[in-house]
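Report on one structure; see the data block that follows.
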Amino acid sequence: RVSATTKNKRVGSLILKKNDRKSYSRVTFPSEAVAMDEYQTEEETAFVVEEVSKIIKESVEAAIGGNAYQHSRVNQWSTSVVEQCLSQLSKLGKPFKYIVTCIIMQKNGAGLQTASTCFWDNSSDGSCAVRWENKSMYCIVNVFGLAL
Amino acid sequence: MEEYPNGNEGSFNSEEADGVVKECIEAVVGGDDYSVNQVNKWTASIVERCLTQLVKQGKPYKYIVTCAVMQKTGAGLHTANSCYWDTAVDGSCTVRWENRTMYCVVSVFAVAIP
């Protein structure tokens, strides 16, 4: 059960953030059978960055994979990236609320800097950022997962 | 009597958040031109400042604040977001700001704590 006390933790710059959330080990186990249950429950209710990252990469490839930047289509592309990600994430069936954001920028030498910060429960919530590019554009997708 | 658009205690007040965000952006990059050396510091300051102001309101929400600053050179930029949450109590607000040399897009997402 997620407690209501939230910790003020800044995530900092998206591009550089490394999120290591794989450590959910317990020291003592009353019995073998109970240990298995506890491990599986944690898997089902934790925000797994690798899994989310894979979903994002697939969604981006599927939506804009072989295309060159086109002003007339970019609206449709960013919408389909976020919708695809969100539907795959909700299919995971985990008890989370999700926020997915996507930025698509044409490559023409402009500088772009993004940052995000989150006020949440560090032990149960998580985020994942994926930076993708091809010859004519950059695509940055962020997923934030907040435990229920 | 209960039909006011934003008089509701239970839902996110996006007009108020909009005001807070605009002030924070003005305070950090108000009179400046795009500078590669400073942009990192600017984006971090904007998000931290917004978050602090929002948390000060003391409402029972978790917040996510994102900010993108882009130099004006004629490139196209498109942002989108999609949220899977409880539409009755959660909400978001996006502010688009610009000056002569750069664009700044800040989004605030507020998720109610159950």
Side-chain angles (χ1 to χ4, degrees), chain A residues 2-6 8 10-14 69-71 73-87 89-90 96-121 125 127 137-142 144-148, chain B residues 34-52 54-56 59-87 89-92 94 101-114:
Chain A
V2 175
S3 77
T5 55
T6 48
N8 190 355
R10 306 306 169 36
V11 172
S13 163
L14 287 172
Y69 183 88
Q70 262 176 273
H71 179 71
R73 296 187 65 188
V74 72
N75 199 346
Q76 180 204 359
W77 286 339
S78 50
T79 311
S80 81
V81 168
V82 292
E83 282 179 358
Q84 178 98 307
C85 282
L86 203 57
S87 75
L89 288 164
S90 56
F96 278 94
K97 290 182 176 178
Y98 294 104
I99 291 163
V100 183
T101 68
C102 167
I103 294 177
I104 296 181
M105 183 173 90
Q106 185 181 17
K107 275 188 177 180
N108 89 340
L112 174 73
Q113 177 79 19
T114 67
S116 76
T117 185
C118 309
F119 183 76
W120 60 19
D121 186 338
D125 303 331
S127 69
M137 56 185 168
Y138 294 107
C139 178
I140 300 172
V141 177
N142 272 299
F144 301 95
L146 297 141
L148 290 166
Chain B
Y34 183 86
S35 149
V36 151
N37 306 321
Q38 302 221 46
V39 70
N40 204 342
K41 206 166 46 113
W42 287 338
T43 48
S45 293
I46 290 173
V47 291
E48 289 203 23
R49 210 182 167 109
C50 285
L51 193 62
T52 324
L54 289 164
V55 167
K56 265 193 203 158
K59 299 187 178 172
Y61 282 102
K62 292 181 180 180
Y63 294 103
I64 291 164
V65 182
T66 68
C67 166
V69 173
M70 184 175 91
Q71 187 181 17
K72 275 189 176 179
T73 62
L77 176 77
H78 207 97
T79 70
N81 61 64
S82 180
C83 311
Y84 183 75
W85 59 21
D86 185 344
T87 51
V89 291
D90 303 328
S92 70
T94 302
T101 53
M102 56 184 170
Y103 293 107
C104 177
V105 182
V106 177
S107 290
V108 173
F109 301 95
V111 175
I113 294 173

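Letters A, B, ... mirror the listed sequences (proteins, then strands); counts begin at 1.
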Contacts of type side-chain hydrogen bond (donor to acceptor under 3.5 Å, both in side chains), residue A:T79, not counting sequence neighbours | none

Closest-packed option against chain B by number of heavy-atom pairs under 4.5 Å, given A:K107, A:Q106, A:M137 | A:Q106

Exercise: identify the closest heavy-atom pair between B:A68 and A:L112 | CB-CD1, 4.3 Å

CD1 (B:I113) and CG (A:L148) are apart, to the nearest 0.5 Å, by 12.0 Å

Bottom line for B:V69: the part with an atom under 4.5 Å from chain A's heavy atoms is both

Pick one of side chain, backbone, both or neither for A:F96, based on which atoms fall under 4.5 Å of a heavy atom in chain B.
-> backbone

Report the distance from atom SG of A:C85 to atom OH of B:Y84, rounding to the nearest 0.5 Å.
-> 15.0 Å

Sole candidate of A:V81, A:V82, A:T101 that passes side chain to side chain contact (heavy atoms under 4.5 Å, CB included) when paired with B:S82 = A:V82

Minimum heavy-atom distance between A:F119 and B:Y61, given as atom pair plus value = CD2-O, 3.9 Å

Chain B contact via A:I99 - which portion, at a heavy-atom distance below 4.5 Å = both

Nearest heavy-atom neighbours spanning A:Q113 and B:T43 | CG-OG1, 3.5 Å

Neighbours of chain A found in residues 72-81 of chain B - heavy atoms under 4.5 Å | B:T73, B:G74, B:A75, B:G76, B:L77, B:H78, B:T79, B:A80, B:N81

Would you say B:V111 and A:F144 make side-chain contact, with heavy atoms under 4.5 Å?
-> no

A:D125 side, atom CG; B:I64 side, atom CD1 - distance, nearest 0.5 Å = 8.0 Å

Non-hydrogen atoms of chain A under 4.5 Å away: do they reach the side chain of B:Y34, the backbone, both or neither?
-> side chain

